[in-house]
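One structure is given here, and the rest of the page talks about it.
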2 protein chains.
Amino acid sequence: MYAPERQQEILRLARDGGRVDVLSLAEEFQVTAETIRRDLKALDRAGLVRRVHGGAIPAGRLDFEPDLAERESTAADEKDRVAKAALAELPTEGTVILDAGTTVARFAAALPLEASLTVVTHSLPIAARLADHPGIQLHLVGGRVRHRTRAAVDAWALRAYGEIRADVLFVAANGFSAEHGLTTPDLAEAAVKRAAVAAARRVVLLADSSKHGQEHFARFGDLGDVDLLITDSGLSPEDATAIERGGTEVLCV
Amino acid sequence: MYAPERQQEILRLARDGGRVDVLSLAEEFQVTAETIRRDLKALDRAGLVRRVHGGAIPAGRLDFEPDLAERESTAADEKDRVAKAALAELPTEGTVILDAGTTVARFAAALPLEASLTVVTHSLPIAARLADHPGIQLHLVGGRVRHRTRAAVDAWALRAYGEIRADVLFVAANGFSAEHGLTTPDLAEAAVKRAAVAAARRVVLLADSSKHGQEHFARFGDLGDVDLLITDSGLSPEDATAIERGGTEVLCV
DNA sequence: ATGCCGGAGGCCCGATCATGCCCGATTGAG
DNA sequence: CTCAATCGGGCATGATCGGGCCTCCGGCAT
């Protein structure tokens, strides 16, 4: 096992368990404690973990590992299936916009290594994940970064999306329904989503079925703006047909 | 079998298995390890795999940046000291711009948790690190993301810096000297650095002494543009006084 | 035909890297 | 305050790296 692999795995363990300790890691990887210390030092220098006596705790996580709160609320499985299914909607070449959100982040992580695309995103975790993808030309949308979602919002973001035109947008929503449209808790974020919707020729909504019927503070569009909704089988067939009557294709996985 | 064929096949193996190692490949293709190393180097330069000791890992699989986690190797200690020293130059409140680069990244990681600042950066790793810093209002500068440095460049970035005015810029350079000024290997990146310099009232250059005297392809300013140079004691006193004659304060740590 | 040229691959050796081991310094839990 | 656990710097070692140099071979112009 190569050192970077081990470090990557240590990082995963740290994020998973909230903490790691030198001795267990040494046993786990069958190396001496010195080596683990060196690994932790490297990860510490990279700012990915914070070193403490006897081990380390994760810091400034820059990827989308499900954090504690989110893991409880699960739907992780559904999100994964939705993300996988969305891969079929990728154009073989062209430009896609990726919205912020855990489902879209999973989608980004699942992009095949041999894909060749231009990707635009205002999500920091997604950008970090795709930055060294060999086939992807990544364009980052700037703006004020919201702590909670790690997504860029406000003037710079809005203007950037106003200047581009993409083939497909993969968008997330905290709530969706035929009556209340697409909603999310934050106004600034809603504005960016609206701008992204306007910048794309085709809109694909990724949302597990628990989002259906929910409504949040800020509305950024109608279901009619969505060309394809990918969700899980938790959406009742009646609801699905109701949505399809609005002109939105529905795919339950 | 021709070299490009072999490399293609190596890439396939790497993506399939998640990793490859030099010796097995050498046996597999009936060539010497040197030839495999050359192949891996070529693939690495093309950004398709990431070279590790003993083998390679396909690019896009690691979600952290091994080059940022660089081990004891390249002047890591000096960089740390420089970064620490730079903390003294932080305003107690106001706006700072952080350039891309490992030294600046260390600096960002060292920002005290109780700091209360507005930070602007076009570096993806630095943004990721600061995104959950409670006291920091983070503004991300967008643009095309360069694979090597994970920094945003081009039109969006240039325009963003043209619109702001910050108290202090912490900037890095691949080479600096009184004669050749501040240089870096990439033109696009140099343009962004120049824009950042123009956007700041005070410019602090963070560069370990090994950068002194080096000159790279793209020049983005003179040493005279720099108000304060923070470097390590590897800079000779004569060089330091020479630089100070140009109006740049020099701090060796 | 012949000789030049350039790229690919092999060979060699000093430099570098990853890891393990040792030991004095530091830390933190009781 | 004490002491065992932990840390980290120094050193050793074997594997790996990479640059310089050589050979082979196919293309090409003379």
What residues 30-44 of chain B contributes to the DNA chain C interface at heavy-atom separation below 4.0 Å is B:Val31, B:Thr32, B:Glu34, B:Thr35, B:Arg38
Please evaluate residues A:Phe29 and A:Thr35 with respect to the criterion side chain to side chain contact (heavy atoms under 4.5 Å, CB included), reporting the C-alpha separation (whole Å), side-chain torsions for both, the decisive distance (0.1 Å), and the verdict. CA-CA 10 Å; A:Phe29 293 110; A:Thr35 301; over 6 Å; no
dist B:Lys79:NZ -> B:Ser210:OG (nearest 0.5 Å) comes out at 7.0 Å
Atom pair CD (B:Glu249) and CD1 (B:Ile230), whose distance is rounded to the nearest 0.5 Å: 9.0 Å
Counting only heavy atoms from other residues, nucleotides and ligands, does the tally under 6.0 Å from [atom1] of [X] exceed 12?
{"X": "A:Arg50", "atom1": "CZ", "answer": "no"}
{"X": "B:Gln214", "atom1": "CD", "answer": "yes"}
{"X": "B:Glu27", "atom1": "CD", "answer": "no"}

Salt bridge or not between B:Asp132 and A:Arg150? Use side-chain N to carboxylate O under 4.0 Å. yes
Salt bridge or not between B:Arg12 and B:Glu9? Use side-chain N to carboxylate O under 4.0 Å. yes
Please collect all side chain to side chain donor-acceptor pair (under 3.5 Å) contacts where either partner lies in residues 91-100 of chain A, sequence neighbours excluded, each pair once. A:Asp99-A:His122, A:Asp99-A:Lys193
Pairs under 3.5 Å (N/O, protein and nucleotides 24-30 of chain C):
none

Whole-Å distance separating the CG atom of A:Leu23 from the C1' atom of D:dA4: 13 Å
Atom CZ of B:Arg45 to atom C1' of D:dG18: distance rounded to whole Å? 12 Å
What are the residues of residues 5-15 of chain B, sorted by number, that bring a heavy atom to within less than 4.0 Å of DNA chain D? none
Would B:Glu89 and B:Arg202 count as a side chain to side chain contact (heavy atoms under 4.5 Å, CB included) here? Give the steps. CA-CA 10 Å; B:Glu89 300 304 316; B:Arg202 177 172 163 80; 2.7 Å; yes
side-chain contact (heavy atoms from CB on, under 4.5 Å) involving B:Gln8 - partner list, sequence neighbours excluded: B:Leu11
Can you give me the bend angle of the helix from C:dA1-D:dT30 to C:dG30-D:dC1? Use the axis through the first five pairs and the one through the last five, nearest 10 degrees. 30°
Relative to each other, are the rings of A:His139 and B:Trp156 parallel, tilted or perpendicular (30° and 60° limits)? perpendicular
Please determine, by modelled atom types, if B:Ser177 and B:His180 share a side-chain donor-acceptor pair under 3.5 angstrom. yes
